[in-house]
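To start, the structure under review is shown below, and the notes come after it.
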Amino acid sequence: MDPNRRGFIAAAIAAGFAVIAEPVLAQATKTPMDGLDGGDSKIGDIPIYYAVPKGKAKRPVVLVVGEVWGNHEHVKDVVRRIAKAGYFAVANEPYFRIGEPWKMAEIKEVIAGANKLTDEQAFADLDAVVAWAQKNPRANVAKLGITGFGRGGRMVWMYTAHQRRIDAGVAWYGVLNATPPAQPLTPIDVADKINVPVLGLYGGADQGIPLERVEMLRASLKASGKKSMIHVYEGVPHAFNADYRPSYRKEAAEDGWKRMLAWFRKNGVA
């Protein structure tokens, strides 16, 4: 391996960011833990990262589902940002049975590992997080939201069709393809089972999620009479909220963040 490449990989891992995402470390947002409690923990064997404003008040809960790399530093930063908006935010590590995808240097290895995670297992892990939060004196699961990015965005659509306790969801560029046998269905397939409002945020220039698929999802939601909505940012690529990646688009990311918080307020999570 080229020495410069080796040095880059070492620096990315040291900073906690997904290697294969070619992180632009200098531009990555670094949200401090001041005013927050939380950090790394476990629910049984499931690694989690959570954050909640200091104090004794019970806070609405937001589940955060990361990208294909799992709980690397960007996802943890998102958890802290959501907590600073007044929530009990928690992200479980979806891929802990498979390895540490964020440290992998080949995208084929990352995808192959992620494709092994069955929807049933992902649902069970998120159900365990909800059960854990219900017992936490700082968490109010009577107000329960979910947000996710990429693969995690797909899981927002899928999990809201599974878990009836969710009040609202926000899916950032949620993947709309199936990867059988582990993930045989798409959000389009389960649109009629999504009984809570979900906001989908997509990039009009996303090379991995064709606009025709986005419009198929929109049509399926409309045909089922759902309260969900989809917003498309024209000319914007995939992963536009990932501020540690070259794909980051500040204007769209900031607008999407405002839309997410407003969606949670409007639909009973706040």
Side-chain angles (χ1 to χ4, degrees), residues 60-68 94 114-115 117-127 129-130 141-206 208-234 236 238-241 252 255-270:
V61 177
V62 174
L63 307 175
V64 180
V65 191
E67 308 153 298
V68 73
N115 286 349
L117 177 64
T118 67
D119 283 337
E120 290 76 13
Q121 185 64 67
F123 294 162
D125 289 351
L126 286 167
D127 287 345
V129 175
V130 174
V141 295
K143 295 177 177 291
L144 182 60
I146 184 171
T147 191
F149 306 82
R151 286 287 182 110
R154 173 188 177 273
M155 186 49 56
V156 169
W157 294 109
M158 305 305 291
Y159 191 64
T160 50
H162 161 82
Q163 174 57 265
R164 300 301 181 186
R165 300 183 66 176
I166 298 288
D167 292 298
V170 179
W172 297 74
Y173 31 90
V175 178
L176 300 179
N177 61 299
T179 52
Q183 300 142 25
L185 301 177
T186 74
I188 298 167
D189 297 322
V190 302
D192 61 333
K193 297 180 176 65
I194 297 171
N195 294 312
V196 302
V198 178
L199 172 63
L201 301 172
Y202 286 88
D206 192 321
I209 306 176
L211 270 180
E212 54 263 33
R213 297 288 292 172
V214 176
E215 294 306 322
M216 285 175 65
L217 176 58
R218 193 199 303 270
S220 296
L221 292 166
K222 185 176 181 180
S224 300
K226 304 305 178 183
K227 297 179 181 179
S228 297
M229 292 178 56
I230 289 177
H231 182 79
V232 176
Y233 293 96
E234 185 176 354
V236 168
H238 187 74
F240 58 84
N241 187 64
D255 182 78
W257 194 262
K258 291 176 183 176
R259 287 175 185 267
M260 177 184 72
L261 296 180
W263 190 260
F264 285 152
R265 288 194 299 269
K266 177 183 177 181
N267 293 294
V269 179

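Because only heavy atoms are used, hydrogens play no part in the values below, and waters and symmetry mates are left out as well, while side chains stay in. Index from 1, following the sequence.
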Non-hydrogen side-chain atoms of [X] and [Y] separated by less than 4.5 Å:
X	Y	answer
Leu126	Gln163	no
Leu144	Leu63	yes
Val198	Lys227	no
Met158	Val190	yes
Val65	Ile146	yes
Val269	Val62	yes

**Request:** Assess whether side-chain hydrogen bond (donor to acceptor under 3.5 Å, both in side chains) is satisfied between Asp127 and His162, documenting all intermediate values.
**Result:** CA-CA 10 Å; Asp127 287 345; His162 161 82; 3.0 Å; yes

Point-to-point distance, once rounded to the nearest 0.5 Å, from [atom1] of [X] to [atom2] of [Y]:
X	Y	atom1	atom2	answer
Ile230	Leu221	CD1	CG	5.5 Å
His238	Tyr202	NE2	OH	10.0 Å
Trp263	Met229	CH2	CE	5.5 Å
Leu199	Arg259	CG	CZ	7.5 Å
Ile194	Ser228	CD1	OG	5.5 Å
Glu212	Arg218	CD	CZ	13.5 Å

Testing the basics here: between [X] and [Y], what is the closest heavy-atom pair and its distance to 0.1 Å?
X	Y	value
Ile188	Ser220	CG2-OG, 3.5 Å
Leu211	Gly204	CD1-O, 3.7 Å
Val156	Gly148	CG2-N, 3.3 Å
Val232	Gly203	CG1-C, 4.2 Å

**Message:** Before you tell me yes or no, could you show the steps for Phe123 and Met155 under side-chain contact (heavy atoms from CB on, under 4.5 Å), namely the whole-Å CA-CA distance, both residues' side-chain angles and the distance that decides it to 0.1 Å?
**Reply:** CA-CA 9 Å; Phe123 294 162; Met155 186 49 56; 3.5 Å; yes

**N/O donor-acceptor pair under 3.5 Å between Arg154 side chain and Pro187 backbone** = no

**Asked** Does Thr160 reach the main-chain N or O of Trp157 with its side chain, forming a donor-acceptor pair under 3.5 Å?
**Response** yes

Scan the side chains in residues 170-184 for donor-acceptor partners under 3.5 Å anywhere in the protein, sequence neighbours excluded, and list what turns up.
residue: Trp172; atom: NE1; partner: Thr147; partner atom: OG1; Å: 3.2
residue: Tyr173; atom: OH; partner: Asn241; partner atom: N; Å: 3.4
residue: Thr179; atom: OG1; partner: Gln183; partner atom: OE1; Å: 2.4
residue: Gln183; atom: OE1; partner: Arg151; partner atom: NH1; Å: 3.4
residue: Gln183; atom: NE2; partner: Ala114; partner atom: O; Å: 3.2
residue: Gln183; atom: NE2; partner: Leu117; partner atom: O; Å: 2.7

**Asked** Is it true that Arg213 and Asp206 make a salt bridge, defined as a side-chain N closer than 4.0 Å to a carboxylate O?
**Response**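 Answer for the salt bridge query: no.
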
**Request:** Output every pair passing salt bridge (Lys or Arg N to Asp or Glu O under 4.0 Å) with a member in residues 186-199, not counting sequence neighbours, ordered by first then second residue.
**Result:**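 Passing the test, one end in residues 186-199: no pairs.
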
**Prompt:** Any luck finding a side-chain donor-acceptor pair between Lys226 and Asn195 under 3.5 Å?
**Reply:** yes

**Request:** Kindly state whether the ring of Tyr233 and the ring of Phe240 have centres lying under 6.0 angstrom apart.
**Result:**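 That pair passes the under 6.0 Å test.
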
